[in-house]
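Scroll down for the structure; my scribbles are underneath it.
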There are 2 protein chains.
Amino acid sequence: MNKKNTLDFPKLMDRFEQVCKTRGLRLTHQRTEIFRALIRSMNHPTTEFVFNQVRKHLKTISLDTVYRTIATFEEFGLIKRVHLLDNTTRFDTNLAVHHHLVCTKCKRIEDFYWPDFDQIKLPKTISHWNKIEVRNVVINGLCSNCNKKK
Amino acid sequence: MNKKNTLDFPKLMDRFEQVCKTRGLRLTHQRTEIFRALIRSMNHPTTEFVFNQVRKHLKTISLDTVYRTIATFEEFGLIKRVHLLDNTTRFDTNLAVHHHLVCTKCKRIEDFYWPDFDQIKLPKTISHWNKIEVRNVVINGLCSNCNKKK
DNA sequence: CTATGTGCAAAGTCTTTGCTCCATC
DNA sequence: GATGGAGCAAAGACTTTGCACATAG
C-alpha cells in the first residue's frame with residue numbers, strides 16, 4: 001500500500017472493472033473514461049477538471065454525467081472526496097492511508113505518508129468518541145516550488 | 001489558550017472591538033451582532049445559521065451582509081473557515097490550536113486538544129515543504145450521542 | 001460631512017434532478 | 001429485450017456583485 005500502487009494504472013483499471021462486475025454496475029464507456037481520468041490526474045482533480053479530461057476522448061460527455069458517476073464511484077468506495085480548500089470539491093484516488101499537504105500559496109495538494117502518526121494513541125479526552133474510522137492530518141505550508149519563487 | 005477562553009464572551013467581544021478600532025473597521029450594529037452570533041454558536045456554524053441567529057435581534061439583516069461581514073472577519077483573523085464536511089462552509093471562532101472530530105452519522109463537529117500531537121516531529125519525507133503554518137488533525141467517528149442510539 | 005458599510009436585487013457558480021432515449025448485460 | 005445509465009435542459013442551492021441609501025467616525 002504505497003504510492004507506487006496508485007500509479008499502476010492497469011491494475012487500478014482491473015480493480016475498477018472488478019468492482020463494477022461484482023457490484024452490478026454496468027461498465028459503460030463513460031464510466032471507464034471518467035475513472036481513467038480520475039486516476040491519471042494526480043493532483044486531486046475537481047469535477048470540472050475530470051469533465052475536461054474526459055471530453056478530450058469522449059466529445060459527447062455531459063457534466064452531469066460526471067457528477068453522477070463520481071458520486072457513484074464514491075458510494076462504491078472507488079474514490080474519496082476531500083475537503084481541503086475553499087469549497088472546491090476534489091477527489092482522491094489514493095485509497096491508502098495517507099495525509100495531505102496544502103500549499104498556502106498555489107493551493108497545490110500533495111499526499112504524504114506518516115506511519116508514526118498513524119500509530120500514536122489518540123488523547124484520552126476524546127475517548128467518548130467511538131468507531132474512529134479515519135484520522136487525517138492536513139498540513140498547510142509552502143510547497144517547494146512556491147518556496148523557491150519567494 | 002484553552003476551551004474556557006473561547007467561552008468568555010465579554011472578553012471576546014472586547015477583543016473584537018479592539019480589532020475593529022485598531023484596524024479601522026467601523027463598529028456597526030450588524031457586525032457586532034454577527035460576531036456575537038458566531039462566538040455563541042459553538043458548533044461551527046454555517047452562514048445560514050448565523051444569518052438566522054442574527055435575524056432574531058436584527059430583523060432587517062440581509063444574507064449578503066452576513067457573507068460580506070464573515071469574509072471581513074476572516075480577513076482580519078477574527079474567525080477561521082473550516083472545510084470538514086461536504087462543502088458546507090463552516091466557521092470556527094476558536095483560534096487556539098486545536099483539532100476536529102467529525103461524527104460520521106450526525107455530522108457534528110467537536111473541537112479537541114492534542115498537545116502531544118502538536119509537538120511531534122513531521123516526517124522527513126516532507127522536508128521539502130516550508131513555513132508550515134498549521135497542522136490539523138481531523139478524526140471521523142461516532143460521537144457519544146450517535147453511539148448510544150446505535 | 002465623508003467614506004465605509006448595508007440592503008436590495010440580480011447575476012454567477014456549482015450541483016442536482018426529471019425525463020426521454022440509448023446501450024449494456 | 002429489459003433495465004440501468006447518459007444526455008439534455010431546467011431548476012436548486014449557495015455565494016458574489018453593482019448600485020443607491022444609510023450611518024459611524
Side-chain angles (χ1 to χ4, degrees), chain A residues 13 16-38 44-55 57-76 78-79 81-91 107, chain B residues 13 16-38 44-55 57-76 78-79 81-91 107:
Chain A
M13 290 310 295
F16 164 69
E17 295 188 11
Q18 271 314 313
V19 170
C20 288
K21 204 165 286 177
T22 55
R23 315 255 328 243
L25 273 185
R26 287 190 182 169
L27 205 63
T28 66
H29 200 183
Q30 289 86 338
R31 280 186 181 149
T32 306
E33 287 303 323
I34 291 169
F35 191 75
R36 197 192 308 279
L38 279 163
H44 307 81
T46 61
T47 311
E48 195 75 29
F49 182 85
V50 172
F51 174 60
N52 286 324
Q53 289 305 106
V54 172
R55 198 151 52 162
H57 307 103
L58 236 175
K59 269 104 186 155
T60 58
I61 191 79
S62 66
L63 185 54
D64 60 276
T65 295
V66 179
Y67 273 106
R68 267 191 267 236
T69 304
I70 281 180
T72 307
F73 289 172
E74 204 190 347
E75 193 184 331
F76 283 77
L78 287 161
I79 58 172
R81 194 174 287 252
V82 290
H83 308 289
L84 297 168
L85 292 166
D86 25 281
N87 281 24
T88 35
T89 311
R90 288 170 173 273
F91 302 96
K107 310 302 177 192
Chain B
M13 291 309 296
F16 163 69
E17 296 189 10
Q18 272 315 313
V19 170
C20 288
K21 204 164 288 175
T22 55
R23 315 254 330 241
L25 272 186
R26 286 192 181 168
L27 206 63
T28 65
H29 200 183
Q30 289 88 336
R31 280 186 180 149
T32 306
E33 287 304 321
I34 291 169
F35 191 75
R36 198 193 306 281
L38 278 163
H44 307 81
T46 60
T47 311
E48 194 76 30
F49 182 84
V50 172
F51 173 60
N52 287 324
Q53 289 306 108
V54 172
R55 197 151 50 161
H57 306 103
L58 236 174
K59 268 104 187 155
T60 57
I61 191 79
S62 65
L63 185 54
D64 59 278
T65 296
V66 180
Y67 275 106
R68 266 190 268 233
T69 305
I70 281 180
T72 307
F73 288 172
E74 204 189 347
E75 193 184 330
F76 283 77
L78 287 162
I79 59 172
R81 195 173 286 253
V82 290
H83 309 288
L84 297 167
L85 292 166
D86 23 280
N87 280 25
T88 36
T89 310
R90 287 168 174 277
F91 302 96
K107 310 301 176 193

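Letters go in sequence order (proteins before strands), and every chain restarts at 1.
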For nucleotides 17-20 of chain D, print each protein N/O atom paired with a nucleotide N/O atom at under 3.5 Å, atom names and distance only.
from   : atom 1 : to    : atom 2 : distance (Å)
D:dG18 : O6     : B:R68 : NH2    : 2.9

Protein and nucleotides 1-5 of chain C: nitrogen or oxygen contacts under 3.5 angstrom:
from  : atom 1 : to    : atom 2 : distance (Å)
C:dA3 : N3     : B:R26 : NH1    : 3.3
C:dA3 : N3     : B:R26 : NH2    : 3.2
C:dT4 : O4'    : B:R26 : NH2    : 3.4
C:dT4 : O2     : B:R26 : NH1    : 2.9
C:dG5 : OP1    : B:R31 : NH1    : 2.9
C:dG5 : OP1    : B:R31 : NH2    : 3.0
C:dG5 : O5'    : B:R31 : NH2    : 3.2

With heavy atoms under 4.0 Å as the rule, sort A:T89 into base, sugar-phosphate or nothing. sugar-phosphate

Which part of the nucleic acid, if any, lies within contact of B:T60, taking any heavy atom under 4.0 Å across all strands shown: a base, the sugar-phosphate backbone alone, or nothing? sugar-phosphate

Separation of D:dC8 atom C1' from A:F51 atom CZ, nearest Å, is 12 Å

The salt bridge (charged side-chain N to carboxylate O under 4.0 Å, His left out) partners of B:E74 (sequence neighbours excluded) come to B:R81

May I have the list of side-chain donor-acceptor pairs in residues 57-65 of chain B shorter than 3.5 Å, sequence neighbours left out?
from  : atom 1 : to    : atom 2 : distance (Å)
B:S62 : OG     : B:D64 : OD1    : 3.3
B:S62 : OG     : B:T65 : OG1    : 3.0
B:D64 : OD2    : B:R68 : NH2    : 2.9

Value in whole Å for how far the P atom of D:dA13 lies from OH of A:Y67: 16 Å

Using side-chain contact (heavy atoms from CB on, under 4.5 Å) as the criterion, list what pairs up with B:T32, not counting sequence neighbours. B:M13, B:F16, B:L27, B:R36

Mind calculating the distance between NE2 (A:H83) and C1' (C:dC14) to the nearest angstrom? 15 Å

The bend of the helix from C:dC1-D:dG25 to C:dC25-D:dG1, taken between the axes of its five terminal pairs at each end and rounded to 10°, is 40°

Taking only residues two or more places apart in sequence or in another chain, which ones pass side chain to side chain donor-acceptor pair (under 3.5 Å) with B:T88? none

Round to a whole Å and report the spacing from CZ of A:F35 to P of D:dG5. 17 Å

What residue pairs, at least two apart or across chains, pass side-chain hydrogen bond (donor to acceptor under 3.5 Å, both in side chains) with a residue in residues 18-28 of chain B? none

Does B:H29 or B:T47 map to a spot on DNA chain D nearer the 5' end, using the closest nucleotide for each? B:T47

Distances for protein N/O vs nucleotides 11-13 of chain C N/O pairs under 3.5 angstrom?
none

For atom CD of A:E17 and atom P of C:dT24, their distance in whole Å: 13 Å

Using a heavy-atom cut-off of 4.0 Å across all strands, would you classify A:T88 as base, sugar-phosphate, or nothing? nothing

Which donor-acceptor pairs under 3.5 Å do the side chains of residues 44-54 of chain B make with protein atoms, sequence neighbours left out?
from  : atom 1 : to     : atom 2 : distance (Å)
B:H44 : NE2    : B:H100 : NE2    : 3.4
B:H44 : NE2    : B:D111 : OD1    : 2.8
B:T46 : OG1    : B:F49  : N      : 3.1
B:N52 : OD1    : B:R55  : NH2    : 3.0
B:N52 : ND2    : B:E48  : O      : 3.3
B:Q53 : OE1    : B:K56  : NZ     : 3.3

